[in-house]
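Because the structure is a prediction, the values reported are computed rather than measured. Residue numbers run from 1 in the order of the sequence given.
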Amino acid sequence: MFRRLARKLGFLSASRHQIPKHRSGAPEERQPLSARLDENLKTLRELFGGSIDLTIREFIVGSRPDLRAALVFLSGLVDKGTIDNQILRPLMVESVLAEKEGRLSPAQAPEQMAAGLITACATKQIDTVGAAAHSIVSGETLLLINGSGKALVVDTRGWRSRNVEEPEAEVVVHGPREGFTEDLHINLAQLRRKLRNPDLTIEVVTLGRQTRTDVAIIYLRKVANPKVVEEVRQRLQQLDIDAALASGYIEEYIEDNSFSPFATVANTERPDVVVAKLLEGRVAIAVNGTPFVLTVPMLMVESFQSPDDYYSRPYYATVVRWVRYAGFAMSVLGPPAYVALTTFHQELIPTPLLISMAVAREGTPFPVVLEALIMGLMFEVLREAGIRLPRPVGQAVSIVGALVIGESAVRAGLIAAPMVIVTAATAIASFTVPAQADAAALLRLSFTVLAGAMGAFGIGIGLMGTLIHLASLRSFGTPYLSPLAPLSTEDLKDVLVRAPWWTMLTRPRAIGWHNPWRQQALQRPAPPDRAEKTDEGSGD
């Protein structure tokens, strides 16, 4: 009911504020290039508003004064060595022989230059002003020839980018030490290097009226569900926004339920994680300018899985996964359970512990539920301050702030010592599942209020409502609680436990049903037969 009401209100709001679908400030996409070089240069200068980084290099091809040409590019986005050695030198020096042989004519100059003079790897022809402007701002070099209504675009991109480094937010002990960067081409190359398969398909769409950002749709053609790929393609192509500076801009537009506290679109900085999800049948979305790659569909159980689980022994990985489940439950139910027990259900607390808690709470002015809310708010403030400040200062603020404020509050009698312990344990437990930290904070606040009002009954109502909400969630048509609901016994090998690799024969049923088998059966390692060894020894 609430979802239908929200859609209705959103439709009414959109109908009142209809924005005409045109690209503000962008050139006319279909305006053709002129055959006159001076007119084209004038159009480009006006289009870029006399920007100081717009470079125009006019020259004469070979020794023919009638064959004038010009290179147009943005300094800082191109490799000038490539321009000098692969474009200017061949056209100004090595084209003399082509002149003598009569192989250069103004009308066919772009085709002839691309075929026999320019030595750059990637070239293409365009014939509109919009395409020319897009090529220039993308870091390519535009070659205009007087007398031709077509232009030649040469790939000379050469801007500086960050080196491949280990992601700080996703630290892995035994796995690879490389992460994505802000350069889309470097990110795609990392995926190609790990997944040497011609079925790896990459489609690029351009989003953002002003930013014109390249967004790549990545999937394995024979593994991914074609319906999911088409759904991703449609959701991206229907976006009409000003900017797409990072993957977070796009995530909110393509997720299934924007009012849910749970993320239905996963993101990661690690190429090995993206490759593993592509092999399961998911689709990745990489945005130029950000190191975070989105993957869909997303399941709830993904939040409790770590790359280290698959690089470690399965038995220890299973224990660690149980720790994550327990940590998430503690981060959500720790303060609410403490509030419910001390306010409504004191009979469930052992008598010695209850006496100690009563002595600690003697003289505190606030009720338990208000103490929990205050301490939770202070924890969020300290965490946000530690993240936003420079790293050395942020660590000092987080540690010193927690110690000083907690100790001072207990000594002043404002907060009971057990509440400080519960808050500290909750804070530590919340870091065991970083992917669900935001949702856990909202749930913890809601459950604390319910526990202060109705005790354990309120927590039960909150848990039931959360479970119903999770069961109703979909991520690109895939049930969010899969493989638990609907139940898939084959996929439980990678949920509560991490079974050995040789037992996980199939891809997740809810995602990779299009191509379910990922390995052959009966590959359990075993020592060679002793009898065979004996026979071989006797034969020798």
Side-chain angles (χ1 to χ4, degrees), residues 23 25-62 64-95 98 104-160 185 204 206 208-214 288:
R23 300 191 179 278
E28 293 293 338
E29 297 291 339
R30 299 184 180 276
Q31 179 181 348
L33 288 170
S34 172
R36 298 178 54 189
L37 176 62
D38 296 334
E39 186 175 341
N40 289 331
L41 295 180
K42 180 181 177 182
T43 301
L44 291 175
R45 286 192 181 97
E46 293 176 353
L47 190 61
F48 283 88
S51 180
I52 61 172
D53 59 345
L54 180 67
T55 304
I56 298 177
R57 171 69 162 88
E58 299 186 51
F59 62 96
I60 297 175
V61 178
R64 292 182 54 178
D66 61 325
L67 195 56
R68 296 171 50 237
L71 294 179
V72 186
F73 56 89
L74 291 175
S75 60
L77 297 183
V78 299
D79 182 3
K80 293 185 178 180
T82 302
I83 295 176
D84 293 339
N85 299 324
Q86 300 182 8
I87 303 178
L88 283 178
R89 183 181 298 275
L91 293 181
M92 297 178 69
V93 179
E94 300 172 9
S95 61
L104 278 181
S105 62
Q108 299 179 352
E111 295 89 343
Q112 295 167 347
M113 291 177 179
L117 291 175
I118 295 177
T119 58
C121 294
T123 60
K124 63 181 179 180
Q125 291 187 34
I126 59 173
D127 56 4
T128 62
V129 176
H134 179 66
S135 299
I136 293 173
V137 298
S138 299
E140 298 171 319
T141 297
L142 186 69
L143 174 60
L144 298 168
I145 300 99
N146 190 34
S148 174
K150 297 181 180 180
L152 193 64
V153 175
V154 185
D155 188 0
T156 57
R157 286 173 284 197
W159 56 76
R160 293 180 177 271
H185 297 279
V204 177
T206 303
R209 295 179 178 179
Q210 309 297 338
T211 59
R212 306 287 291 173
T213 306
D214 289 334
N288 190 31

Just wondering, do [Y] and [X] contact through their side chains at under 4.5 Å, heavy atoms?
{"X": "Thr156", "Y": "Ile87", "answer": "yes"}
{"X": "Gln86", "Y": "Val154", "answer": "no"}
{"X": "Asp214", "Y": "Thr206", "answer": "yes"}
{"X": "Leu71", "Y": "Phe59", "answer": "yes"}

Nearest-0.5 Å distance that lies between atom [atom1] in [X] and atom [atom2] in [Y]:
{"X": "Leu74", "Y": "Thr55", "atom1": "CG", "atom2": "OG1", "result": "7.5 Å"}
{"X": "Ile136", "Y": "His134", "atom1": "CD1", "atom2": "NE2", "result": "11.5 Å"}
{"X": "Leu33", "Y": "Ser148", "atom1": "CG", "atom2": "OG", "result": "9.0 Å"}
{"X": "Leu91", "Y": "Ile118", "atom1": "CG", "atom2": "CD1", "result": "5.0 Å"}
{"X": "Phe73", "Y": "Ile83", "atom1": "CZ", "atom2": "CD1", "result": "4.0 Å"}
{"X": "Asn40", "Y": "Leu47", "atom1": "CG", "atom2": "CG", "result": "11.5 Å"}

Residues two or more places apart in sequence or in another chain: which of them pass salt bridge (Lys or Arg N to Asp or Glu O under 4.0 Å) with Asp155?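 Asp155: salt bridge (Lys or Arg N to Asp or Glu O under 4.0 Å) contacts with Arg157.
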With sequence neighbours left out, the residues meeting salt bridge (Lys or Arg N to Asp or Glu O under 4.0 Å) with Asp38 are Arg68
When every non-hydrogen atom of Ala151 is compared with those of Leu144, the smallest separation belongs to CB-CD2, 3.5 Å
Shortest non-hydrogen contact between Val78 and Gly139, atoms and distance: CG1-O, 3.3 Å
Could you point out which residue of Leu142, Thr123, Leu143 forms a side-chain contact (heavy atoms from CB on, under 4.5 Å) with Val153? Leu142
Does Ser51 use its side chain to pair, donor to acceptor, with the backbone of Leu54 at less than 3.5 Å?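 Not a single qualifying donor-acceptor pair exists.
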Quick one: does any side-chain atom of Asn146 pair with a main-chain N or O of Leu37 as donor and acceptor, under 3.5 Å?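 Checked: pair present.
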All pairs passing salt bridge (charged side-chain N to carboxylate O under 4.0 Å, His left out) where residues 112-135 contributes a residue, at least two apart: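 Qualifying pairs: none.
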